[in-house]
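Hydrogens, waters and symmetry mates are skipped; everything else that's a heavy atom, side chains included, is used.
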Amino acid sequence: QVYLVESGGGSVQAGGSLRLSCVASASIFLLGWYRHAPGKEREALATRDSSGQIRYAESVKGRFTASQDKANTLYLQMNSLKPEDTARYCCSASRGGVYFWGPGTQVTVSS
């Protein structure tokens with residue numbers, strides 16, 4: 001069974017940085033990063049379009065950078081973090097038209 005696991009979350013003060021990782025257990029297409037804060041809808045942060053290019057949410061553009069250095073590992077470099085970035089961060093992937101989600105890693109930003 002395909003599964004994803006995120007890591008790198010934690011607590012940081014506003015203005016700080018974190019680097020998240022997402023590792024897939026099998027060959028799969030990694031789509032990108034999302035976040036979900038309590039009481040709010042899941043937000044797409046950095047996701048691939050059909051050409052493989054990454055599009056960023058306006059809320060994180062210029063601060064977050066997604067990258068991939070091998071087929072099964074995805075990263076999210078987060079700089080200049082703000083309290084409103086506090087959320088659970090998840091990666092997503094697909095294979096054969098089926099979508100998968102990791103359990104997420106918590107990011108908490110204090111003022």
Q | Exam field: side chain Ser25 to backbone Val2, donor-acceptor pair closer than 3.5 Å | A | no

**Q.** Full working for side-chain contact (heavy atoms from CB on, under 4.5 Å) between Met78 and Val107
**A.** CA-CA 10 Å; Met78 307 187 295; Val107 171; 3.8 Å; yes

Q | Heavy-atom check, side chain of Ser92 versus side chain of Tyr34, under 4.5 Å | A | yes

Report all side-chain donor-acceptor pairs from residues 42-57 shorter than 3.5 Å, counting only partners two or more places apart or in another chain.
| from | atom 1 | to | atom 2 | distance (Å) |
| --- | --- | --- | --- | --- |
| Glu43 | OE1 | Arg35 | NE | 2.9 |
| Glu43 | OE1 | Arg35 | NH2 | 3.2 |
| Glu43 | OE2 | Ser59 | OG | 2.8 |
| Arg48 | NE | Leu30 | O | 2.7 |
| Arg48 | NH2 | Gln68 | OE1 | 2.1 |
| Asp49 | OD1 | Ser51 | N | 3.0 |
| Asp49 | OD1 | Ser51 | OG | 2.8 |
| Asp49 | OD1 | Gly52 | N | 3.1 |
| Asp49 | OD1 | Gln53 | N | 2.9 |
| Tyr56 | OH | Ala66 | N | 2.9 |

Q. What's the shortest heavy-atom distance between Gly32 and Leu74, and which atoms?
A. CA-CD2, 3.7 Å

Q | Derivation and outcome, side-chain contact (heavy atoms from CB on, under 4.5 Å), residues Gln13 and Leu81 | A | CA-CA 8 Å; Gln13 292 190 13; Leu81 284 162; over 6 Å; no

Q) Is the backbone of Ile28 close enough, under 3.5 Å, to the side chain of Arg95 for a donor and an acceptor to pair up by distance? A) no

Could you list the donor-acceptor pairs under 3.5 angstrom formed between side-chain atoms of residues 15-22 and any protein atom two or more places apart in sequence or on another chain?
| from | atom 1 | to | atom 2 | distance (Å) |
| --- | --- | --- | --- | --- |
| Ser17 | OG | Asn79 | OD1 | 2.9 |

Q) Does Val98 share a hydrophobic cluster with Phe29, counting links as ILVMFWY side-chain heavy atoms below 4.5 Å and allowing steps through other members? A) no

Q: Using atom types as modelled and distance alone, determine if a side-chain donor or acceptor of Trp33 lies under 3.5 Å from a backbone N or O of Tyr75.
A: yes

Q: Identify the heavy atoms of Pro83 and Ser110 that sit nearest to each other, and give their distance.
A: CG-C, 4.4 Å

**Q.** Nearest-0.5 Å distance, OG of residue Ser80 to CZ of residue Arg63
**A.** 7.0 Å

**Q.** Least distance between heavy atoms, Gln106 atom then Ala87 atom
**A.** NE2-O, 3.3 Å

Q: Classify the ring geometry between Phe64 and Tyr89 as parallel (under 30°), tilted (30 to 60°) or perpendicular (over 60°).
A: tilted

